[in-house]
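For reference, the structure is listed below as structure tokens.
Values reported hereafter were calculated over all heavy atoms of this structure, with side chains retained and with hydrogens, waters and symmetry mates removed.
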Amino acid sequence: MDILNNIRSTFENVKTSLKDKNSSSRLQVLKKDIVTLQSELLVLGKENHDQFIRSQAMEGYLTLLAVKSMPLSLNEKKNSLMVAFDKLKEYALREECLFIFLRIQNLFCFYLIQLDEINVAKDILEGMEEIYDKISKSKPDMYFDAEDLFTTEPISKLKRLNPEKIDKLITNNVQMLAFLYNKLNMPEKYTLYNHTALRRQLEMKEGTPQDWALRTARLGNYFTYLNQLNNARHHLCAANHILRTCHDNCKLMPEEFVLQKADFEIQFLELSHHWVKYGLTLFKLSRKKILNRFFSQSSNGADSWKTLDVLSDNNENNPEKNEENTKDIGAEKHEQGDGISEKVYTFPTLDLQDIEKRVPLDIIRNTLEARKLFSFTHKWLMRAKHYYDFEHHSAQYISCSLQLSELYEHLAFFEKNIDNQYSIQKRRADVLETLNSLLKTCDNVMSIQIDVIKELSQIQLELMALNLQKLWREESQVNIFNLDSDADSIINSLDSESNKTLTERTLNTNSKNMFLKKMEAATSLNAKLYRLSGQLGPCSPSELSFTCSLPNKN
């Protein structure tokens with residue numbers, strides 16, 4: 001009992017030294033007390049066999065205090081914690097040792113990461129998972145805080161630790177392991193452990209809702225990068241739900257809402273960027289699937305004269321095709337080695353079904369679905385674009401304008417009506433022309449301006465193609481053979497005009513002149529755009545074709 005009294009008294013001195021940060025002799029006194037306490041703990045463990053585990057736990061806690069308070073190098077801190085970790089590892093699940101063992105292990109791995117000993121930290125953290133499983137099967141309120149051991153009371157009378165403290169340490173370790181997997185470029189394990197940490201924090205209500213929502217949204221954005229859009233949608237919906245709930249609750253307290261209004265605006269702005277990336281990625285995957293199917297059919301001897309169309313509506317009633325569409329999302333970057341079910345990446349405590357139903361997920365197959373995805377993505381994109389102005393946020397404004405142009409391009413791809421396609425491409429051109437006029441007032445944006453001009457010239461080509469397509473369809477509808485007509489009368493009606501094509505013989509002269517003028521104006525504009533982008537010299541395309549000379553022969 002005397003030795004416990006001495007330990008308690010010395011420990012109080014250590015605590016006093018830690019609080020007295022202004023004392024000049026603080027470190028000297030603290031070091032002396034720590035050495036004294038270590039000697040007393042050594043005596044306690046040797047002379048009292050029943051107190052050995054307790055002394056080991058207290059010694060581990062003393063090491064933790066010394067590492068945090070004494071001016072040691074990273075290597076010295078790492079080595080001290082490694083010794084304490086190895087001593088306690090054998091008794092890790094004992095009620096006196098578990099909490100301090102987890103704390104030592106947590107800080108030990110943190111220093112290992114700082115020293116770039118990544119694989120050592122990874123092995124330790126992975127080895128802890130077996131202990132986590134055993135903890136979950138034990139009574140959650142059976143463990144002690146190591147600081148409470150520095151008393152004269154017997155173990156049976158000591159206060160038990162709040163289980164949440166152990167849960168927080170485990171969650172912190174899971175987060176650390178996720179960080180390591182990301183650093184080691186192991187996306188499958190990174191997403192699994194990152195999601196697990198977020199799920200645990202949500203269930204424990206650890207931290208602020210805004211912080212949780214942003215980290216969840218960033219994981220959702222990473223799922224989008226991996227083309228795992230189902231997981232991306234779930235995480236982005238969860239982030240949106242929590243952020244919106246927090247925002248609405250805060251509005252009930254006007255004074256608090258005024259203080260946090262700007263923060264909420266920035267948080268929803270970040271979420272907007274993630275949703276825009278989600279929508280554009282779904283458009284890209286849908287276009288790629290359509291083009292892959294078309295070109296694979298062409299290579300197999302399919303009718304290459306057939307108009308490129310979106311996926312057949314017959315697929316809707318074909319479960320095998322639907323399953324194939326689902327598998328295509330995420331097939332490129334998604335690693336299938338671990339075979340982790342998507343059900344693992346959910347938040348069971350959140351009811352997100354109604355929210356998720358309003359977010360497009362499946363591969364786009366027709367114009368209506370494309371319009372729905374466009375509307376959803378456009379809403380989030382304009383929310384971000386309206387926040388930025390070119391003067392103060394030029395990079396973000398340029399990015400939003402280019403994304404808006406890309407969004408119009410995707411919509412035009414799925415639009416069947418030529419007039420609608422033309423209108424969409426004109427809107428796309430308006431966005432880029434506005435951006436181009438702003439870029440002219442800035443320096444050091446030449447490369448961006450060239451890209452914008454190139455895209456504008458591409459739009460002019462698209463518009464010319466649409467005009468030609470529209471004209472051809474109009475003429476084709478007028479000049480339809482009457483299959484009931486007498487074949488002889490058709491043959492006899494052929495005269496010297498028969499050498500001309502059907503369109504040339506029937507096209508109204510005024511229509512031809514108007515069409516040619518439009519094409520000439522569009523071609524002239526396109527040539528100017530190419531010259532501005534540095535693709536052509538001062539000559540026109542036709543002049544260039546005549547000035548190309550053959551290489552000199554030696």
Side-chain angles (χ1 to χ4, degrees), residues 1 3-21 26-27 29-72 74 76-112 124 128 131 135 141-170 172-173:
M1 186 62 68
I3 187 65
L4 283 176
N5 280 324
N6 292 337
I7 289 173
R8 181 185 60 79
S9 177
T10 309
F11 182 69
E12 290 298 327
N13 293 336
V14 171
K15 291 172 63 178
T16 303
S17 298
L18 290 172
K19 293 177 182 178
D20 189 14
K21 296 182 180 180
R26 168 180 171 269
L27 289 178
V29 174
L30 181 59
K31 185 176 181 180
K32 179 182 177 182
D33 289 337
I34 288 176
V35 172
T36 302
L37 193 52
Q38 285 175 337
S39 300
E40 292 172 345
L41 290 173
L42 188 62
V43 173
L44 175 66
K46 285 184 177 181
E47 295 183 355
N48 301 273
H49 183 70
D50 58 328
Q51 300 284 356
F52 176 75
I53 302 300
R54 181 175 182 172
S55 68
Q56 293 293 302
M58 289 191 287
E59 188 177 345
Y61 183 70
L62 193 61
T63 302
L64 191 68
L65 288 180
V67 166
K68 287 186 171 183
S69 58
M70 300 299 290
L72 304 172
L74 275 180
E76 289 174 329
K77 291 180 178 182
K78 181 203 74 171
N79 292 333
S80 297
L81 290 172
M82 182 170 60
V83 172
F85 178 79
D86 290 338
K87 278 186 178 182
L88 289 177
K89 190 173 183 180
E90 183 181 352
Y91 314 105
L93 291 173
R94 293 290 295 265
E95 55 187 0
E96 304 97 326
C97 297
L98 177 67
F99 184 59
I100 186 58
F101 176 72
L102 291 177
R103 291 185 63 184
I104 290 172
Q105 172 263 316
N106 185 273
L107 191 59
F108 178 38
C109 290
F110 175 75
Y111 289 142
L112 286 171
I124 292 173
M128 294 295 296
I131 294 179
I135 293 172
D141 56 349
M142 64 178 288
Y143 302 104
F144 298 104
D145 189 336
E147 186 173 340
D148 295 334
L149 299 176
F150 290 87
T151 65
T152 57
E153 296 290 338
I155 289 292
S156 57
K157 293 185 178 181
L158 292 180
K159 181 180 66 175
R160 300 286 171 167
L161 183 71
N162 187 339
E164 286 187 1
K165 290 188 175 183
I166 294 177
D167 287 337
K168 287 181 179 180
L169 272 177
I170 295 175
N172 197 10
N173 286 342

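Heavy-atom minimum distance, Ile104 versus Gly60: CD1-O, 3.6 Å. Scanning all heavy atoms of the two residues, the minimum distance from Gln56 to Leu88 falls at O-CD2, 3.6 Å.
For the atom pair OG of Ser69 and CG of Leu64, the computed distance is 9.5 Å after rounding to the nearest 0.5 Å. Rounding to the nearest 0.5 Å gives a distance of 9.5 Å between CD1 of Ile170 and CD1 of Ile131. Taking NZ of Lys87 as the reference point, atom CE of Met82 lies at 12.5 Å (rounded to 0.5 Å). To the nearest 0.5 Å, atoms CG (Asp145) and NZ (Lys159) are separated by 7.5 Å. To the nearest 0.5 Å, atoms CG (Leu4) and CD (Gln51) are separated by 5.5 Å. Put simply, CG on Leu161 and OH on Tyr143 are 10.5 Å apart, with the number rounded to the nearest 0.5 Å.
Under the 30°/60° scheme for interplanar angles, the aromatic rings of Tyr91 and Phe52 are found to stand perpendicular.
Without hydrogens or angle criteria, Arg54 side chain to Leu149 main chain gives a donor-acceptor distance under 3.5 Å.
Leu107 places a side-chain heavy atom less than 4.5 Å from the side chain of Lys68. Contact annotation: the side chain of Thr63 never approaches that of Val83 to less than 4.5 Å [non-hydrogen atoms, C-beta and beyond].
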Could you walk me through whether Met142 and Leu98 satisfy the side chain to side chain contact (heavy atoms under 4.5 Å, CB included) test, starting with their C-alpha distance in whole Å, then the side-chain angles of each, then the deciding distance to 0.1 Å, before giving a yes or no?
CA-CA 10 Å; Met142 64 178 288; Leu98 177 67; over 6 Å; no

Between Lys77 and Phe110, does the side chain to side chain contact (heavy atoms under 4.5 Å, CB included) criterion hold? Intermediate values first, please.
CA-CA 11 Å; Lys77 291 180 178 182; Phe110 175 75; over 6 Å; no

If you apply the rule side chain to side chain contact (heavy atoms under 4.5 Å, CB included), what do you find for Cys109 with Gln105, and how did you get there?
CA-CA 6 Å; Cys109 290; Gln105 172 263 316; 3.6 Å; yes

For residues 7-14, dump all side-chain donor-acceptor pairs below 3.5 Å to protein atoms at least two apart in sequence or in another chain.
unit_1 : atom_1 : unit_2 : atom_2 : d
Thr10  : OG1    : Asn6   : O      : 2.8
Thr10  : OG1    : Glu40  : OE1    : 3.1
Thr10  : OG1    : Glu40  : OE2    : 3.3

